[in-house]
Amino acid sequence: MHFGVLGSGIIGLTTALELQKEFPTARVSVIADRFNEDTVSYVAAGIFRPGTSFMGPTQKITQQWMTDAFNYWDELRRSKEAPLAGVCQLSGYIYSRTSPSIVRNHFIEKLLPVYRRATEEELRLCNGGWKYGSFFTTCLTESRLFLPYATKKFLENGGEVVRQHVNSFFEVPQNIDLLLNCTGMGAKELCGDQHLVPIRGQVLKVRAPWVKTAFYGDYDTYVLPGFETVTLGGCRQFDSYNTEWCKYDSMAIRERCYDLLPSLRKAEIVRECVGLRPHRSVVRVEPELITNPEGRRLKVVHNYGHGGYGVTTAPGTAMYAVRLVRDLLAGNSKL
């Protein structure tokens, strides 16, 4: 068998690794024109904290994605490869002045080792007059480290990387038996998918080694410590294709984060990053049989539309996508 994986972001790489695990004798090729720092995944802060609006085909499947993903990251965190993979444990607070429901998360309250209500004393740890809060302990995956780690592991397992821009599924090599589409925003043109919408994000990476805890506030305000830098954010601009850095967004992010944690005012700004999150109201992980005008048929399993939760859910949707592959090959698919 020869599998092709379109896309080399975190969705593509975790899917490729799962394919190698499930089909150890198969040939697996990752086909992409962007790698590492040129992918949207590279910008992500990578904390395991899915949004409560995240949705797969059913509630049961969505929860299974979350459970599988967290167990994957937590197992990697416990391994000796954790520093190389960029995975660590992180605790943090979610604050709100608006509603107690904002600081709750049905996906992870029973999944994480710790998820509890913040005490009155903890509500005063940060400026803002917070009324509601939660404390939690989770995993963080720094894509800057994980992407090259996953690529190296993929190649060591016998995988191959093909640098190619693809405008059509039928531009992939003809000897590929089954294709996995992990192209993120690229799927909008590739699939003609009008349900796929960019949500623009902008963050600052600062050097603040004294910050060891994550903090979330209202208005998409967050402070997330990583291995070398701290991510300050953010913004969620629906249906914006602007990939240019915006000084006004930067000013707003700094003001909100500095108000939340005043010590950040002395932090050195290392870089500012922009990315377009590939949002789909229902994340698309499903099989499709496509045919071109010449009659060539190709089996495709889609895996895209994760929005801002690609790092969070990548292993879970990758495992699910590979199960769909297995069903297709066994003739158990609905196709």
Between V206 and V270, is a side-chain contact (heavy atoms from CB on, under 4.5 Å) present by the stated rule, with each step listed? CA-CA 5 Å; V206 304; V270 177; 5.7 Å; no
Between [X] and [Y], which heavy-atom pair has the shortest distance, and what is it?
| X | Y | result |
| --- | --- | --- |
| V223 | V211 | CG1-CG1, 4.1 Å |
| M66 | L111 | O-CD2, 3.6 Å |
| I102 | S96 | CD1-OG, 3.6 Å |
| E18 | A318 | CG-CB, 4.0 Å |

Contacts table for residues 85-95: side-chain donor-acceptor under 3.5 angstrom, sequence neighbours left out:
{"from": "S91", "atom 1": "OG", "to": "T137", "atom 2": "OG1", "distance (Å)": "2.7"}
{"from": "Y93", "atom 1": "OH", "to": "E122", "atom 2": "OE2", "distance (Å)": "2.9"}
{"from": "Y95", "atom 1": "OH", "to": "E122", "atom 2": "O", "distance (Å)": "2.7"}

Strictly distance-based, threshold 3.5 Å: is any side-chain N or O of [X] a donor or acceptor partner for the main-chain N or O of [Y]?
| X | Y | result |
| --- | --- | --- |
| N157 | G159 | no |
| R144 | Y42 | no |
| T229 | K205 | no |

Is any side-chain N of the basic residue among [X] and [Y] closer than 4.0 Å to the acidic one's carboxylate O?
| X | Y | answer |
| --- | --- | --- |
| E81 | R77 | no |
| E160 | R27 | yes |
| R326 | E22 | yes |
| D218 | R256 | no |
| R254 | D249 | no |
| E286 | R284 | yes |
| R236 | D220 | yes |
| R78 | D74 | yes |

Assess the side chains of [X] and [Y]: does a donor N or O sit below 3.5 Å from an acceptor N or O?
| X | Y | result |
| --- | --- | --- |
| T317 | N303 | yes |
| N71 | E75 | no |
| S29 | H2 | yes |
| S240 | N242 | no |

Report the C-alpha distance between R280 and D193 in whole Å, list the side-chain angles of each, state the deciding distance to 0.1 Å, and finish with yes or no for salt bridge (Lys or Arg N to Asp or Glu O under 4.0 Å). CA-CA 9 Å; R280 204 172 184 274; D193 190 343; 2.7 Å; yes
Whether F146 and W73 hold their rings parallel, tilted or perpendicular, with breakpoints at 30° and 60°: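 If you compare the ring of F146 with that of W73, the planes turn out perpendicular.
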Distance, nearest 0.5 Å, that separates NZ of K110 from OH of Y115: 13.5 Å
Rounded to the nearest 0.5 Å, how far does SG of C126 lie from OH of Y216?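 Y216 OH to C126 SG: 13.5 Å, rounded to 0.5 Å.
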Would a line drawn from the ring center of F70 to the ring center of W65 be shorter than 6.0 Å?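 For F70 and W65, the ring centres are not under 6.0 Å apart.
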Cluster link I11 to Y149, ILVMFWY, side chain under 4.5 Å: yes
Test: K266 cationic atom under 6.0 Å from W210 six-membered ring centre, within 45° of axis: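 Judged by the rule, K266 and W210 form a cation-pi pair.
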Please determine if R124 forms a cation-pi arrangement with W130, meaning its NZ or CZ atom is less than 6.0 Å from the six-membered ring centre and no more than 45° off the ring axis.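 Geometry flag: not set, cation outside 6.0 Å or 45°.
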Set of side-chain contact (heavy atoms from CB on, under 4.5 Å) partners for V325, sequence neighbours left out: F3, L19, F23, L178, L180, V301, L329
side-chain contact (heavy atoms from CB on, under 4.5 Å) partners for R104, two or more places apart: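 Once residues adjacent in sequence are excluded, the partners of R104 under the side-chain contact (heavy atoms from CB on, under 4.5 Å) criterion are E109.
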Contact between D68 and P315 at the side-chain level, heavy atoms closer than 4.5 Å - yes or no?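 No, too far: nothing below the 4.5 Å cut-off.
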